**Student:** 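Just passing along the structure, written as structure tokens.
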Amino acid sequence: MKPGPTFIYRCPNCDNCIKRRSIASGNTFYSKIYSDGKRIAPMYPDFPDLTKCKKCDTQFWLSKSESIETYEWITYTDPNIQHAQEADFLSIDDYLIALRDGLVSSKAEELKVRQRIWWTYNDRARNGDDLFLSKNDENTWKSNAKALINLLDEAITNQSIMLAELYRNLGEFDRCIEIMKKVDDENLEFVKTRLITECARKNKALVRLA
């Protein structure tokens with residue numbers, strides 16, 4: 001992996017600086033791929049877009065903000081820049097606040113946020129923890145899953161697989177199988193076979209594909 005430049009942003013509500021790293025090139029060696037579509041690749045890290053200031057808790061989209069500085073490595077001498085806080089992915093509660101407070105202004109943004117909520121729940125399973133903390137937590141997950149289903153287009157292959165996986169997670173195995181049987185891509189045959197097999201087992205849980 002070759003690191004790319006680091007971009008510095010200023011919080012739109014205060015003077016705090018936030019940095020977002022990037023990569024110039026990477027690879028997917030030693031990566032893990034899961035049934036929810038998330039890939040964890042040590043040599044190809046993911047960076048947040050929607051984040052929040054750690055000083056005042058203001059949430060904002062980095063892609064909608066103009067960076068105030070860009071630097072390579074750690075050669076910049078301005079102490080405010082050098083000690084800028086790392087942009088982090090949000091918590092489930094923070095994503096829900098973003099939806100509630102109108103930070104989502106398009107279908108594409110809502111899909112991105114709701115997918116992140118789904119993935120963040122599943123990160124618990126990836127870490128060997130319980131998926132739900134309480135019945136209310138489970139209800140929140142279910143509401144998000146159903147809202148995400150309504151945002152997905154079955155005619156788009158990647159989205160159709162997400163759609164099938166969500167139905168499997170909800171225990172609607174016949175609907176998952178129905179969608180997966182329509183996928184006609186030899187590169188995705190292993191995904192198709194695996195999800196249909198998990199449906200036959202009545203398994204709703206996240207599974208690792210590779």
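Every value quoted in this text rests on a predicted model; they were computed, and no experiment measured them.
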**Student:** To the nearest 0.5 Å, how far apart are CE in M43 and OG in S25?
**Tutor:** 8.5 Å

**Student:** Drop me the distance from F7's CZ to E66's CD, to the nearest 0.5 angstrom.
**Tutor:** 12.0 Å

**Student:** Could you note down all residue pairs passing side chain to side chain donor-acceptor pair (under 3.5 Å) where residues 142-152 supplies at least one of them, sequence neighbours left out?
**Tutor:** R114-N144

**Student:** Quick one: OG1 on T51 to CZ on F89, what's the gap to the nearest 0.5 Å?
**Tutor:** 9.0 Å

**Student:** Between M162 and I196, is there a shared hydrophobic cluster once you connect ILVMFWY residues whose side-chain heavy atoms come closer than 4.5 Å?
**Tutor:** no

**Student:** Evaluate the side-chain proximity of I8 to T70: yes if any heavy-atom separation is below 4.5 Å, no if none is.
**Tutor:** no

**Student:** What distance do N169 atom CG and N122 atom CG have between them, rounded to the nearest 0.5 Å?
**Tutor:**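 If we round to the nearest 0.5 Å, N169:CG and N122:CG are 6.5 Å apart.
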
**Student:** Answer yes when R168 and D174 have at least one side-chain N-carboxylate O distance shorter than 4.0 Å, and no when they do not.
**Tutor:**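 So R168 does not pair with D174 through a salt bridge.
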
**Student:** Output the rest of the hydrophobic cluster of L133: all Ile, Leu, Val, Met, Phe, Trp and Tyr residues reachable through side-chain heavy-atom contacts under 4.5 Å, sorted by chain and number.
**Tutor:**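 Grouped by the 4.5 Å side-chain rule, L133 forms a cluster of one, so the answer is none.
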
**Student:** Mind listing the closest non-hydrogen atom pair of E110 and L99 along with its distance?
**Tutor:** CG-CD2, 4.1 Å

**Student:** Any link between W118 and I179 through a network of hydrophobic side chains (Ile, Leu, Val, Met, Phe, Trp, Tyr) touching at under 4.5 Å?
**Tutor:** yes

**Student:** Side-chain contact, heavy-atom cut-off 4.5 Å: S65 with P12?
**Tutor:**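 No. Closest side-chain heavy atoms not under 4.5 Å.
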
**Student:** Who pairs with D153 by salt bridge (Lys or Arg N to Asp or Glu O under 4.0 Å), at least two apart in sequence or on another chain?
**Tutor:**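 Not a single residue meets the salt bridge (Lys or Arg N to Asp or Glu O under 4.0 Å) criterion with D153.
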
**Student:** Looking at D137, is its backbone amide N or carbonyl O close enough to the side chain of S134 to form a donor-acceptor pair, meaning the two atoms are under 3.5 Å apart?
**Tutor:** yes

**Student:** Taking ring pair (Phe, Tyr, Trp, His ring centres under 6.0 Å) as the test, write out the residues that go with F132, two or more places apart.
**Tutor:**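 Ring pair (Phe, Tyr, Trp, His ring centres under 6.0 Å) list for F132, sorted by chain: W141.
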
**Student:** Quick check on side chain to side chain contact (heavy atoms under 4.5 Å, CB included): which of L50, I117, I97 does L90 satisfy it with?
**Tutor:** L50

**Student:** Are any non-hydrogen side-chain atoms of R124 and I92 less than 4.5 angstrom apart?
**Tutor:** yes

**Student:** For residues N16 and C56, determine if any side-chain heavy atom of one lies less than 4.5 Å from a side-chain heavy atom of the other.
**Tutor:**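 N16 vs C56: side chains apart.
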
**Student:** Is there a side-chain contact between M1 and P45 (heavy atoms, below 4.5 Å)?
**Tutor:** yes

**Student:** Passes side-chain contact (heavy atoms from CB on, under 4.5 Å), S35 versus L195? Steps please.
**Tutor:** CA-CA 8 Å; S35 53; L195 291 190; 4.0 Å; yes

**Student:** What distance do L62 atom CG and I18 atom CD1 have between them, rounded to the nearest 0.5 Å?
**Tutor:** 8.0 Å

**Student:** Examine distances only and state if a side-chain atom of S63 and a backbone atom of D49 form a donor-acceptor pair shorter than 3.5 Å.
**Tutor:**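 Absent.
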
**Student:** Within a strict 4.5 Å, meaning less than it, do heavy atoms of the I33 and I40 side chains meet?
**Tutor:**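 Heavy-atom side-chain distance check fails, nothing below 4.5 Å.
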
**Student:** Using a side-chain heavy atom cutoff under 4.5 Å and only I, L, V, M, F, W and Y, what cluster partners does F173 have?
**Tutor:**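 Other cluster members: none.
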
**Student:** List the steps, then state whether side-chain contact (heavy atoms from CB on, under 4.5 Å) holds for Q115 with L151.
**Tutor:** CA-CA 10 Å; Q115 182 185 48; L151 293 168; over 6 Å; no

**Student:** R10: what forms a side chain to side chain donor-acceptor pair (under 3.5 Å) with it, not counting sequence neighbours?
**Tutor:** none

**Student:** Any heavy-atom pair between the side chains of I161 and K192 that's under 4.5 Å?
**Tutor:** no

**Student:** Mind checking side chain to side chain donor-acceptor pair (under 3.5 Å) for Y9 and listing every partner two or more places apart, or none if nothing turns up?
**Tutor:**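 Per chain and number, Y9 pairs via side chain to side chain donor-acceptor pair (under 3.5 Å) with no residue.
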
**Student:** Donor-acceptor pair, distance only, cut-off 3.5 Å: does the side chain of D129 make one with the backbone of A125?
**Tutor:** no

**Student:** Dump the intermediate steps for side-chain contact (heavy atoms from CB on, under 4.5 Å) on R126 and W119, then the final yes or no.
**Tutor:** CA-CA 10 Å; R126 277 182 268 269; W119 283 1; 4.1 Å; yes

**Student:** For A164 and M180, work out which heavy atoms get closest and say how close.
**Tutor:** CB-SD, 3.5 Å

**Student:** For residues 198-210, which residue pairs pass the side chain to side chain donor-acceptor pair (under 3.5 Å) check, not counting sequence neighbours?
**Tutor:**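 Every pair satisfying side chain to side chain donor-acceptor pair (under 3.5 Å) with a residue in residues 198-210: R194-E198, E198-R201, E198-N203.
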
**Student:** Measuring from T58:OG1 to L103:CG, what's the distance to the nearest 0.5 Å?
**Tutor:**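 Atom-to-atom, T58:OG1 and L103:CG are 9.5 Å apart.
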
**Student:** Would a hydrophobic clustering, with Ile, Leu, Val, Met, Phe, Trp and Tyr connected at side-chain separations under 4.5 Å, put I149 with L131?
**Tutor:** yes

**Student:** Salt bridge between K38 and D46, side-chain N to carboxylate O under 4.0 Å?
**Tutor:**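 Salt bridge between K38 and D46, a charged N being under 4.0 Å from a carboxylate O: no.
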
**Student:** What residues, two or more places apart in sequence or in another chain, satisfy side chain to side chain donor-acceptor pair (under 3.5 Å) together with N27?
**Tutor:** none

**Student:** Look at atom CZ of F47 and say whether more than 12 heavy atoms of other residues, nucleotides or ligands are closer to it than 6.0 Å.
**Tutor:**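 For F47, atom CZ is crowded (more than 12 foreign heavy atoms under 6.0 Å).
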
**Student:** Going by side chain to side chain donor-acceptor pair (under 3.5 Å), name the residues that satisfy it together with E154, two or more places apart in sequence or in a different chain.
**Tutor:** R175, K182

**Student:** Show your reasoning for whether side-chain contact (heavy atoms from CB on, under 4.5 Å) applies to L152 and L111.
**Tutor:** CA-CA 8 Å; L152 296 170; L111 196 158; 3.9 Å; yes

**Student:** Hey, could you give me each pair passing side chain to side chain donor-acceptor pair (under 3.5 Å) that has a residue in residues 92-106? Not counting sequence neighbours.
**Tutor:** K52-D94, K64-S105, S91-D94, S105-E109

**Student:** Is it true that atom CG of D184 has more than 12 heavy atoms of other residues, nucleotides or ligands lying nearer than 6.0 Å?
**Tutor:**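 No, CG of D184 has 12 or fewer neighbouring heavy atoms, counting only those of other groups under 6.0 Å.
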
**Student:** Within the distance-only criterion (no hydrogens, no angle test), does the side chain of S22 pair as donor or acceptor with the backbone N or O of P5 below 3.5 angstrom?
**Tutor:**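 Confirmed, S22 side chain pairs with P5 backbone.
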
**Student:** Are any non-hydrogen side-chain atoms of D15 and K55 less than 4.5 angstrom apart?
**Tutor:**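 Yes, side chains in contact.
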
**Student:** With sequence neighbours left out, what residues match R39 under salt bridge (Lys or Arg N to Asp or Glu O under 4.0 Å)?
**Tutor:** none

**Student:** Is R21 salt-bridged to E86, going by a charged N under 4.0 Å from an acidic O?
**Tutor:** yes

